[in-house]
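See structure below.
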Amino acid sequence: ACGGARSSDGGQPSGGSAAQQPSGGAQAPADAGAEAPSAGESAQPASSLERIKAEGVLRVGIDASYPPMEFVDEDGKTPIGFDIDLANAVAEKLGVKADFTIIDWAGIQAGLLGGHYDVIMSSMTITEERQKEMDFVQYLTMGIAYASRPGVEVRSDADLDGKIVVVQEETTAQYYVEDLMADKGIQPKELRSFPYATDAFRELANGRADVVAIDAPVAGYYAQLDPDQYRVTGFAEMDPDPIGIALRKGETELREALQKAVEELEAEGVLRELQVKWFGDAAGQ
Amino acid sequence: MARFIEHTLNILPVLFEGLGVTLKLTALSALFGTLLGLLAALARISRNPLFTVPATLYVNLFRGTPLLLQLLFIYNALPQLGLLIQPFPAAVLGYSLNSGAYIAEIIRAAIQSIDRGQMEAARSLGMSYGLAMRRIILPQTYRRLLPPMVNELSALTKDTSLASTISILELMKYSSQFVSRTNLAWQTYVWTAAFYLVVTMTLSALASRLEKKLEARG
Amino acid sequence: MARFIEHTLNILPVLFEGLGVTLKLTALSALFGTLLGLLAALARISRNPLFTVPATLYVNLFRGTPLLLQLLFIYNALPQLGLLIQPFPAAVLGYSLNSGAYIAEIIRAAIQSIDRGQMEAARSLGMSYGLAMRRIILPQTYRRLLPPMVNELSALTKDTSLASTISILELMKYSSQFVSRTNLAWQTYVWTAAFYLVVTMTLSALASRLEKKLEARG
Amino acid sequence: MGEPIIVIEGLKKSFGRLEVLRGIDLTIHQGEVVVVIGPSGSGKSTLLRCINFLEKPTAGRVLFHGEEVGQRLVNGRLVPLPEKVLDQQRARMGMVFQRFNLFPHMTALENVIEAPIRVRKLPRHEAEELGLRLLRRVGLADKAGQYPNFLSGGQQQRVAIARALAMEPDVMLFDEPTSALDPELVGEVLQVMQDLANDGMTMVVVTHEMGFAREVGDRVIFMDGGLILEEGPPEQIFGEPRHPRTREFLSKVLH
Amino acid sequence: MGEPIIVIEGLKKSFGRLEVLRGIDLTIHQGEVVVVIGPSGSGKSTLLRCINFLEKPTAGRVLFHGEEVGQRLVNGRLVPLPEKVLDQQRARMGMVFQRFNLFPHMTALENVIEAPIRVRKLPRHEAEELGLRLLRRVGLADKAGQYPNFLSGGQQQRVAIARALAMEPDVMLFDEPTSALDPELVGEVLQVMQDLANDGMTMVVVTHEMGFAREVGDRVIFMDGGLILEEGPPEQIFGEPRHPRTREFLSKVLH
Ligand SMILES: Nc1ncnc2c1ncn2[C@@H]1O[C@H](COP(=O)(O)OP(=O)(O)OP(=O)(O)O)[C@@H](O)[C@H]1O
Ligand SMILES: Nc1ncnc2c1ncn2[C@@H]1O[C@H](COP(=O)(O)OP(=O)(O)OP(=O)(O)O)[C@@H](O)[C@H]1O
Ligand SMILES: NC(=O)CC[C@H](N)C(=O)O
Ligand SMILES: [Mg+2]
Ligand SMILES: [Mg+2]
């Protein structure tokens with residue numbers, strides 16, 4: 001129940017992004033593309049899909065601190081993970097290569113909107129707020145899990161009360177806990193946020209904090225990695241959120257191409273394979 | 001324009017909250033850093049290698065490596081070596097050690113810039129080294145210390161922008177949070193810059209006023 | 001012990017790769033920063049407000065705000081204002097602008113530390129301001145510039161540890177990625193510190209050798 | 001007495017509210033050696049520095065060869081001359097400073113030939129010939145390749161004199177050229193200055209060396225409080241000073 | 001002639017390979033005024049500074065009231081005395097420097113009373129009484145509250161003398177006390193020194209003021225190259241110097 005492939009009837013809110021009217025991205029080419037989505041407009045600059053194809057590179061922004069979704073190999077530098085494999089597969093569908101830009105999560109959206117890369121494939125949850133700025137192509141769903149330090153049992157939202165809670169900054173897990181605090185009166189002893197998910201788990205390991213709230217696959221990864229230090233003791237009381245590829249608004253052609261690629265990968269069972277590869281048996285039922 | 005004003009009204013309270021933390025962290029670190037720096041400076045100019053060697057190592061180590069690395073070492077590596085420090089104290093420790101190394105060099109330079117004749121005159125009157133340092137040399141360094149110390153204080157203020165890596169919520173972190181939630185990058189950054197500028201410019205202004213006052217004596 | 005050696009063998013190649021980026025970024029930024037700094041310094045000491053005002057604004061703005069903010073502004077806010085710069089050029093721009101502001105003050109201080117009599121002697125021989133600056137004043141600043149410029153170069157080297165926030169993979173980023181992957185915090189940080197120390201200490205050593213050479217002339 | 005080379009009329013100079021020169025009139029003729037004496041702070045250096053416009057006069061004017069130096073009175077306002085003109089005027093007045101102000105990064109010879117090459121545009125070999133000749137004249141032919149910091153004060157000051165002479169100036173201004181020197185080194189510099197005077201150089205010399213003033217000076221000027229209080233031939237000034245301030249000053253200096 | 005106060009035996013001092021003092025023997029008696037003259041670099045300052053151990057002698061010894069100053073020869077090696085002992089020895093030798101070295105952050109009076117209060121442990125009011133008395137003695141009673149930077153060089157040097165006297169020393173060491181002064185201000189300092197000599201103070205004075213040496217000195221020492229080349233009463237040294245170096249030096253200085 002904590003992570004699953006996008007299903008056609010899955011938890012996508014409002015069928016959202018695909019139907020959304022293009023409302024202007026940050027870049028002039030994007031704007032132009034938005035107003036004239038048909039590729040036939042010779043007077044307009046090439047759409048971003050055309051540019052990607054011309055360059056032969058799909059530039060992908062990732063926060064490489066989020067195992068097993070995206071992290072670095074043991075050499076300390078090569079990006080690996082579910083999203084990396086998926087991005088490579090998607091790029092292949094577009095007939096190009098994926099090129100990864102590693103950037104802090106808190107700045108990942110600004111980097112996309114600024115035009116430093118074409119898409120974000122970094123387990124980004126599709127939220128209403130984010131949809132105001134970006135379009136999405138969904139490919140997974142994820143819930144939020146609570147990973148506790150040995151001796152602490154956080155089973156439910158209410159159990160966060162009085163605990164030192166750690167999150168990665170500017171993630172939906174942080175927003176979720178903040179909402180609990182604001183709306184449900186749950187009062188953690190402290191809500192501590194770090195740039196990287198790996199920092200959050202280190203807090204558990206050295207006992208400086210009680211619980212990490214984070215996307216379930218990541219919690220599961222750590223629990224598997226070192227069961228003595230990390231245990232998944234509970235889940236946020238919510239429906240799994242949709243996860244998607246983020247792109248600038250109005251790049252309709254690109255969005256459609258990505259959508260098509262994801263659908264094909266799902267149909268071919270690739271998505272499923274990747275889940276098994278990266279989440280193991282526990283994943284994606 | 002109306003939107004800009006609206007954003008501003010949203011941004012300012014957040015930034016003010018961050019500024020408070022920034023100032024608190026700066027002030028505490030400056031305090032401990034100055035004490036540490038004074039000790040290290042006196043140790044370095046002494047002629048006893050029992051003092052000079054560790055002081056020199058300390059100063060070179062902390063001036064020779066990035067602050068970010070120092071913060072991460074204190075926060076992430078010390079627990080592995082058995083020393084667990086909470087975020088805010090860890091930040092204060094890191095910034096104090098770092099600024100202490102710089103302040104040590106500032107104080108040392110100031111002491112060494114005092115004419116050798118001052119120490120000689122004091123010693124020739126029968127004053128001991130410690131007495132001469134305390135009554136004659138150090139008081140004369142104050143005016144010379146002022147500009148570099150204010151620089152260091154400014155540097156410290158700006159450097160606290162790294163504290164978010166160890167989960168301290170200060171001005172810069174609030175600022176980047178706001179950017180990530182609203183996507184108002186340049187507006188937020190301009191306001192954030194203004195906040196830092198107000199602090200650093202106020203420091204310089206206070207310093208130059210104080211300097212004039214000290215100068216009045218001749 | 002065997003494990004420590006094994007870790008070391010794993011860490012070193014990654015750190016070397018990061019060091020390459022760090023050095024390249026430092027060198028380019030130092031080059032442009034020095035050019036910028038020289039121009040800004042000359043502008044600030046001129047008596048023409050058309051030069052002094054913008055130069056002073058530039059210096060104060062970049063010395064008064066955190067480097068991190070400057071980098072983020074260039075990377076995230078400039079595109080919103082219509083200027084998209086690739087990460088590495090953006091980093092070089094940010095570091096050049098930042099170090100340029102500090103170097104401007106270094107050069108200005110050095111020029112102003114040259115005895116006024118030098119300029120007067122040159123002018124009294126009928127040399128123009130520009131000729132006197134170029135042939136008489138600036139050459140005399142070299143020796144005085146050396147220590148603060150080396151400091152600035154060290155600072156720049158260390159400051160490149162922030163470049164990962166704008167997606168540059170340099171020494172510090174490789175180091176912290178290695179830590180997050182292997183959890184070998186202190187071992188990795190110690191090696192990383194050693195890398196930075198080697199650079200900064202080499203710089204000081206070169207500088208003091210060069211200084212001695214310049215001093216030989218008296 | 002030769003032609004007037006420098007004519008100073010109603011010269012005033014203030015630093016902020018401090019009036020340092022309060023109306024100086026003085027004419028210096030071709031070949032004349034004018035010695036300026038007076039207590040510390042009386043404005044001697046400022047007078048000298050106004051002559052070649054290192055200080056900008058607040059009022060009055062300085063004429064050099066009949067031309068105003070540095071600035072010109074236009075409709076009652078002082079308007080600066082173009083820098084080029086000023087540079088040329090300065091090139092024709094040599095100045096020797098109390099603290100020598102040699103260029104420390106250049107050898108003695110380089111110090112001497114720098115301005116001839118860059119300002120007078122002499123070819124390097126000509127400039128070097130001139131430079132060596134002048135260094136010989138001040139007794140330092142063997143020090144041409146030496147850097148200033150390896151020269152004694154007296155040697156440095158003699159190089160400075162050679163440097164000023166290398167511009168072939170029409171007048172030499174000396175501002176206490178020996179007062180930064182060890183007493184034993186004073187003589188060698190005074191000797192060079194005396195030779196220069198004997199060769200007919202026009203000179204304005206601020207000094208505390210009363211022996212030199214008496215022997216070499218054609219005219220002695222006594223300044224105090226920004227004014228010329230008394231002037232006359234050395235015999236008169238030293239023998240029978242008229243102004244009580246002159247007498248007081250001389251009694252202190254000639255202890 | 002009084003008792004010997006300072007006895008210098010075989011004193012040598014090197015800076016690295018530079019031998020600055022090459023064997024000095026000298027005895028200074030109670031109430032005597034010894035004037036040391038000699039060219040620049042001859043070691044005059046170093047001799048003075050070795051007496052109160054501001055420089056550590058390389059060989060030989062300095063006895064003050066029969067006690068070795070600063071270090072003692074033990075088994076052929078020079079062993080430093082405890083700092084406390086040295087401080088007490090220094091407290092009884094006043095020193096006056098060429099560049100005054102007043103403490104700029106203290107008023108004239110504070111300069112004078114600092115050491116009496118901190119070192120001699122005088123109660124503040126007694127120290128102030130003493131300080132004012134000494135300032136009056138050097139003619140500066142009205143400048144007690146003034147900071148050094150607002151005093152003329154001559155006034156500063158007189159405060160420095162008062163400061164040294166405040167420790168009630170047995171001997172005063174002067175290192176060119178007037179050579180940083182404007183010529184007009186030299187007289188007032190020499191006057192204070194002369195008064196001091198008349199009051200019977202034992203003094204060692206390095207100076208270029210030959211008038212003072214002649215009038216006030218009991219004995220004149222001529223140094224060159226780290227050695228005492230000649231010594232005698234001023235009449236003899238100035239009237240009929242025996243050593244050719246002395247003659248050469250005097251001829252330069254008395255130009
Ligand atoms: N640049 C300046 N700014 C302010 N005051 C100045 C400046 N230059 C000189 N003065 C003041 O002007 C007065 C006269 O100075 P000047 O140097 O002309 O005197 P002087 O007769 O040459 O004295 P000295 O014998 O000490 O060299 C002094 O009170 C001095 O402090
Ligand atoms: N601390 C030092 N280190 C190295 N050399 C020194 C030091 N102090 C003095 N000397 C050298 O020792 C020599 C004698 O110096 P000293 O100051 O005693 O001479 P002096 O007779 O006082 O000369 P002056 O009349 O110039 O004051 C000089 O060559 C000087 O350069
Ligand atoms: N890579 C991540 O940190 C994703 C975190 C979370 N799914 C979010 O979208 O906020
Ligand atoms: Mg003068
Ligand atoms: Mg001396």
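Naming: A, B, ... by sequence-line order, numbering from 1 per chain.
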If you tally heavy-atom pairs under 4.5 Å between each of B/I168, B/I166, B/V179 and chain A, the highest tally belongs to B/I166
Chain B contact via A/Y196 - side chain, backbone, both or neither, heavy atoms under 4.5 Å
neither
Does any backbone or side-chain atom of B/Q86 lie under 4.5 Å from a heavy atom of chain A? Answer side chain, backbone, both or neither.
both
Given A/E251, which partner from the list A/R255, A/R248, A/K249 fulfils the salt bridge (charged side-chain N to carboxylate O under 4.0 Å, His left out) test?
A/R248
Cation-pi, A/Y175 ring and B/R181 (6.0 angstrom, 45 degrees)
no
Relative to chain A, which of B/T182, B/I85, B/L169 shows the most heavy atom pairs under 4.5 Å?
B/I85
B/Q70 (side chain) donor-acceptor with B/F62 (main chain) under 3.5 angstrom
yes
Modelled atom types, side-chain donor and acceptor of A/T101 and A/R59, under 3.5 Å:
no
